[in-house]
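All figures in this text were calculated on a predicted structure; none of them were measured in a lab. For the single chain, residues carry numbers from 1 onward in sequence order.
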Amino acid sequence: MNFCWSTFLSFLLTMNSSIENELIISKYARHLERAWVAPSYFFQNLWITIYEWFGRDDYTTVVWGTITIANLCYWIPGLCFTFIDLTGRPAFILKYRIQENSPYPVPFNRVIKAFALVVFNQTVVLFVIMFCFYHVMVWRGFEKGETLPTFQRLMLELGFFIIIEEILFYYSHRLLHHSSIYKYIHKHHHEWTSPIGIVALYAHPIEHIICNLLPALIGPCLLGTHIMVYWAWFCLALLTTLNAHTGFHLPFWPSPEAHNFHHLKFTENYGAMGFLDDLHGTNKNFRNSEIYKRHFWSLSLAPLKQLYPDKQKGE
């Protein structure tokens, strides 16, 4: 897993290829190459250890390994946010809440109801889908063994997965909002007009398969990717959707404002990234709202509602 730092630095300095720049490249490229070797060896050795834990068995690694990784990635941060949602502590974090007028802390019985359905989706539904996914991957062919893909390939594959997931999620999500379907399936998820973290996967099992699992699985299936890369992608997708539902716009975290607006209004922001909403015009009201001013990755510790407050009525 060697990233070509010298090529990267050469690209940055192509506008002025003097001898001095060449010396800079050769000097710092060596340091960057060495800096990248350590984590590459770490992940390579980590993968070998995990592969041995699962007995070097592909079925066990793909099915049970994915279920284990997915639940750890979901529940460790998910339970931390659930503690906040139930107790309102630590108090300082409450200033980052998006919908300040909704009841908080959240009633225990509502959280338990959400918890039960999410556990079902993360165990029974996920097992059935991963069992099928494994056999599809065997038919398609996928990378296995001890050698991990290069860093460059990892980045390219993750970019491909993000695009595929966005396309599939947007159109399947919008379909579930159709009046003839909504009340039977997607209405469950929209019981939470002010979402909390764990309701990211609080969905009818059919919706969980169509909107959450298949969009995340089809990309790796098309490429026949290495299972470690799929795990990295699955964790990224889970953390992203958790963040979108926390109800907090925290510093240094991606903005959850767009999806929070979707829960508030139901009729806009069907995608995760937003470029298909731009294309189809399904975010016009959001873009024209005061909330849109706060829709960015904040690097300030100050709550964005203080930096970009809503206009007072009557102004």
| task | Answer whether the closest heavy-atom distance between the side chains of Trp231 and Met228 falls below 4.5 Å. | result | yes
| task | Report the distance from atom OG1 of Thr246 to atom CG of Leu242, rounding to the nearest 0.5 Å. | result | 8.5 Å
| Between the main-chain N or O of Leu222 and the side-chain N or O of Arg140, is there a donor-acceptor pair closer than 3.5 Å? | yes
| query | Is there a path of hydrophobic side-chain contacts, each under 4.5 Å between heavy atoms of I, L, V, M, F, W or Y residues, that connects Ile93 with Leu304? | reply | no
| message | Under 4.5 Å between side-chain heavy atoms, counting indirect links through other Ile/Leu/Val/Met/Phe/Trp/Tyr residues: same cluster for Ile209 and Phe169 or not? | response | no
| Taking the inter-plane angle between the rings of His295 and Phe286 on a 0 to 90° scale, is it parallel (under 30°), tilted (30 to 60°) or perpendicular (over 60°)? | perpendicular
| Do other residues, nucleotides or ligands put more than 12 heavy atoms under 6.0 Å from the CZ atom of Phe275? | yes
| Gap separating the CD1 atom of Ile164 from the CG atom of Leu217, nearest 0.5 angstrom | 13.0 Å
| said: Using the ring centroid of each side chain, check whether Tyr134 and Trp64 are separated by less than 6.0 Å. | reply: no
| query | Given Phe261 and Thr267, is the side chain to side chain contact (heavy atoms under 4.5 Å, CB included) satisfied, shown in steps? | reply | CA-CA 9 Å; Phe261 189 86; Thr267 57; over 6 Å; no
| query | Could you state the interatomic distance from CD1 (Ile181) to CD1 (Ile210), rounded to the nearest 0.5 Å? | reply | 8.0 Å
| query | When the ring centroid of Trp192 is compared with that of His245, is the distance short of 6.0 Å? | reply | no
| Where at least one partner belongs to residues 284-302, residue pairs that pass salt bridge (Lys or Arg N to Asp or Glu O under 4.0 Å), sequence neighbours excluded | Asp278-Arg287, Glu290-Lys293, Arg294-Asp310
| query | Atom CG of Leu148 and atom CZ of Arg153: how far apart are they, to the nearest 0.5 Å? | reply | 11.0 Å
| request: Indicate, with yes or no, if Ile112 and Phe120 share a hydrophobic cluster defined by side-chain heavy-atom contacts under 4.5 Å among Ile, Leu, Val, Met, Phe, Trp and Tyr. | output: yes
| task | For the residue pair Asn121 and Tyr202, confirm or rule out a side-chain donor-acceptor distance under 3.5 Å. | result | no
| message | Determine whether Asp58 and Tyr51 satisfy the following criterion, side chain to side chain donor-acceptor pair (under 3.5 Å), listing intermediate values before the conclusion. | response | CA-CA 9 Å; Asp58 294 330; Tyr51 198 41; 2.9 Å; yes
| task | Give the ring-plane orientation class for His177 versus His190, where under 30° counts as parallel, over 60° as perpendicular and anything between as tilted. | result | perpendicular
| task | Answer yes or no: is there a side-chain heavy-atom contact under 4.5 Å between Asn243 and Leu239? | result | no
| said: Does any part of the side chain of Leu214, heavy atoms only, come nearer than 4.5 Å to the side chain of Phe133, both counted from C-beta? | reply: no
| query | What are the two closest heavy atoms between Gly247 and Asn260, and how far apart are they? | reply | CA-ND2, 3.9 Å
| task | Provide the closest heavy-atom pair for Ile198 versus Val118 in the form atom of the first, atom of the second, distance. | result | O-CG2, 3.3 Å
| request: Tell me yes or no: between the side chains of His188 and His208, is some donor less than 3.5 Å from an acceptor? | output: no
| query | Quick one: are Phe266 and Thr193 in side-chain contact, heavy atoms under 4.5 Å? | reply | yes
| Side-chain (Thr66) to main-chain (Val62) donor-acceptor, under 3.5 angstrom | yes
| request: For the pair Glu207 (side chain) and Leu176 (backbone), establish whether a donor and an acceptor sit closer than 3.5 Å, ignoring hydrogens and angles. | output: no
| Steps toward salt bridge (charged side-chain N to carboxylate O under 4.0 Å, His left out) verdict (Arg56, Glu52) | CA-CA 5 Å; Arg56 295 178 177 269; Glu52 289 176 348; 3.1 Å; yes
| query | Does CG in Asn109 sit with more than 12 non-hydrogen atoms of other residues, nucleotides or ligands closer than 6.0 Å? | reply | yes
| task | May I ask you to decide if Tyr292's main-chain N or O and Glu257's side chain share a donor-acceptor pair within less than 3.5 Å? | result | no
| Relative to the ring of His280, is the ring of Tyr170 parallel (under 30°), tilted (30 to 60°) or perpendicular (over 60°)? | parallel
| request: Go through Leu238 and Leu201 one step at a time and tell me if the side chain to side chain contact (heavy atoms under 4.5 Å, CB included) criterion holds. | output: CA-CA 9 Å; Leu238 283 171; Leu201 300 183; 4.1 Å; yes
| request: For Cys221 and Val136, work out which heavy atoms get closest and say how close. | output: SG-CG1, 3.2 Å
| request: Please step through side chain to side chain contact (heavy atoms under 4.5 Å, CB included) for the pair Leu213 and Val125, ending with a clear verdict. | output: CA-CA 10 Å; Leu213 293 177; Val125 177; 4.1 Å; yes
| request: Can you see which heavy atom on Pro195 is nearest to which on Gln99, and at what distance? | output: CD-NE2, 4.1 Å
| request: Look at the side chain of Tyr96 and the backbone N and O of Leu301, then say whether any donor-acceptor pair between them is shorter than 3.5 Å. | output: yes
| message | Are there over 12 heavy-atom neighbours, none belonging to Phe252, within less than 6.0 Å of that residue's CZ? | response | yes
| Check: Phe83 and Leu79 side chains under 4.5 Å, non-hydrogen atoms | no
| message | Just checking Lys305: does its NZ atom have more than 12 heavy atoms from other residues, nucleotides or ligands closer to it than 6.0 angstrom? | response | yes
| message | Is the shortest side-chain heavy-atom distance between Phe248 and Asp85 below 4.5 Å? | response | yes
| Do you know the tightest heavy-atom contact between Pro220 and Phe161? | N-CE2, 3.4 Å
| field | Interatomic spacing from OG in Ser194 to CD in Glu100 - rounded to 0.5 Å | value | 10.5 Å
| message | Please evaluate residues Asn283 and Tyr270 with respect to the criterion side chain to side chain donor-acceptor pair (under 3.5 Å), reporting the C-alpha separation (whole Å), side-chain torsions for both, the decisive distance (0.1 Å), and the verdict. | response | CA-CA 8 Å; Asn283 59 0; Tyr270 298 104; over 6 Å; no
| task | Establish whether Tyr182 and Ile185 are linked, either directly or via other cluster members, by ILVMFWY side-chain heavy-atom contacts under 4.5 Å. | result | no
| query | Looking at side-chain heavy atoms only, is the closest gap between Tyr230 and Met137 below 4.5 Å? | reply | no
| query | Taking all non-hydrogen atoms of both residues, which atom of Asn269 and which atom of Ala258 are closest, and how far apart? | reply | ND2-O, 2.9 Å
| task | Group every Ile, Leu, Val, Met, Phe, Trp and Tyr by side-chain heavy-atom contacts under 4.5 Å, then state whether Ile206 and Val119 land in the same group. | result | no
| task | State, with a plain yes or no, whether a side-chain heavy atom of Ile84 is found less than 4.5 Å away from one of Pro90. | result | yes
| To the nearest 0.5 Å, how far apart are CZ in Phe54 and CD1 in Ile227? | 10.0 Å
| field | Ring geometry between Phe131 and Tyr59 (parallel below 30°, tilted from 30 to 60°, perpendicular above 60°) | value | perpendicular
| request: Go through the steps for Asn212 and Thr241 under the test side chain to side chain contact (heavy atoms under 4.5 Å, CB included), then give the verdict. | output: CA-CA 9 Å; Asn212 297 329; Thr241 193; 5.5 Å; no
| message | Classify the ring geometry of His189 against His186: parallel below 30°, tilted from 30° to 60°, perpendicular beyond 60°. | response | parallel
